[in-house]
Amino acid sequence: MKEFFLAWSTVSMTTKVVRSIAEMQKIAQKLHRKGKTIGFVPTMGYLHLGHLSLVRVAKRYSDVVVVSVFVNPIQFGPQEDFNVYPRDFKRDRMLLSKEGVSYIFYPQARTMYPKGYKTYVEVKELSEKLCGRFRPGHFIGVTTVVAKLFNIVQPDIAVFGQKDAQQAVIIKKMVKDLNFPVKIVVAPTVREKDGLALSSRNVYLTPQERKKALILYQALKTAQSLIKQGNRDPQKILHTMYELINSVPEAKVDYIEIVDLDNLEPVSEIKDKVLIALAVRIGKARLIDNLVVKL
Ligand code: PAF
């Protein structure tokens, strides 16, 4: 126990929690003046190994790592899980200290969206596909908060997870279209040993539902092998995936799609590289997962 507290007090001293936008901007400017590069990982907290893998990637690419912890209210729909979204800042702070993160930007909602807030960033078309069809306004919330965070943290590079494939495509497009001087790095999905993609929302699953949730990755792997065996017809592959997932009565499919990696449009034939993406509700959890399959 004593060792734990010793370790905790040494590491925690080096990780500073910043709650004010002006202070975070001042820190970023000072770091840049000193010639340091900033690597940034935006999160909504309740961190797991997937987030920590993004932090490790950010560390490889930069001198100083900043992580934001902010459950962004404007990316949740009125019927969604904003109020019950899991939060544990103490634990997040300890994990980030152990990873050697220099700054945690941890603002309050009223700091990010003060009374009278009016500006939103929208990446058209891409935001309406896949998850966008089921979560209207979600990606406007994501691009708005990420644009704000980029202006506050002023990173040289920012790391996003492949698990949120559509989010990564949309952020890259926003960065290109709005000329943000930020390099976007997309890091691989981290999975449990049995294949379940790590997600903060996995806490909503009961142990039985968690077992059922394995069908998502199984369906993706089946699609991958069908493609590797020479199948080129997306409709046939999707049919097999629907059959597999629908064989689990607890699983309710929002969508399963095989799309182009750049424009997220469904493909009519499988060539070179495709994104197979799905969203499935199991109990209280809405789970997303995907695989990029290259020929
Ligand atoms: O991926 C997430 O956790 C969120 O969408 C992000 C990028 C932190 C924006 O709130």
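All heavy atoms count here, side chains included; hydrogens, waters and symmetry mates do not. For ligands, and for the atoms within them, numbers begin at 1 and follow the listed sequence.
- The ligand atoms of ligand 1 that sit less than 4.0 angstrom from a heavy atom of Gln75 are 4 (C), 5 (O), 9 (C), 10 (O).
- Not one N or O on the side chain of Glu125 forms a donor-acceptor pair closer than 3.5 Å with the backbone of Leu264.
- Of all the atoms in ligand 1, the ones that sit under 4.0 Å from a non-hydrogen atom of Pro42 are 8 (C).
- Donor-acceptor pairing under 3.5 Å is lacking for the side chains of Tyr85 and Asn72.
- The list of salt bridge (Lys or Arg N to Asp or Glu O under 4.0 Å) pairs with a residue in residues 25-41, not counting sequence neighbours, is empty.
- Arg110 forms no cation-pi arrangement with Phe70, by the criterion of a distance under 6.0 Å to the ring centre and an angle within 45° of the ring axis.
- Nearest protein heavy-atom neighbour of atom 3 (O) of ligand 1: Met44 CG, 3.6 Å.
- Proximity to Gln167 (heavy-atom distance under 4.0 Å) selects the following atoms of ligand 1: 1 (O), 2 (C), 4 (C), 5 (O), 7 (C).
- Taking every non-hydrogen atom of Val145 and a distance limit under 4.0 Å, the qualifying atoms of ligand 1 come out as 9 (C), 10 (O).
- Ligand-side atoms of ligand 1 in range of Thr43: 8 (C), range being under 4.0 angstrom from any heavy atom.
- Ring orientation note: the planes of His48 and His51 are tilted relative to one another, at an angle of 30° to 60°.
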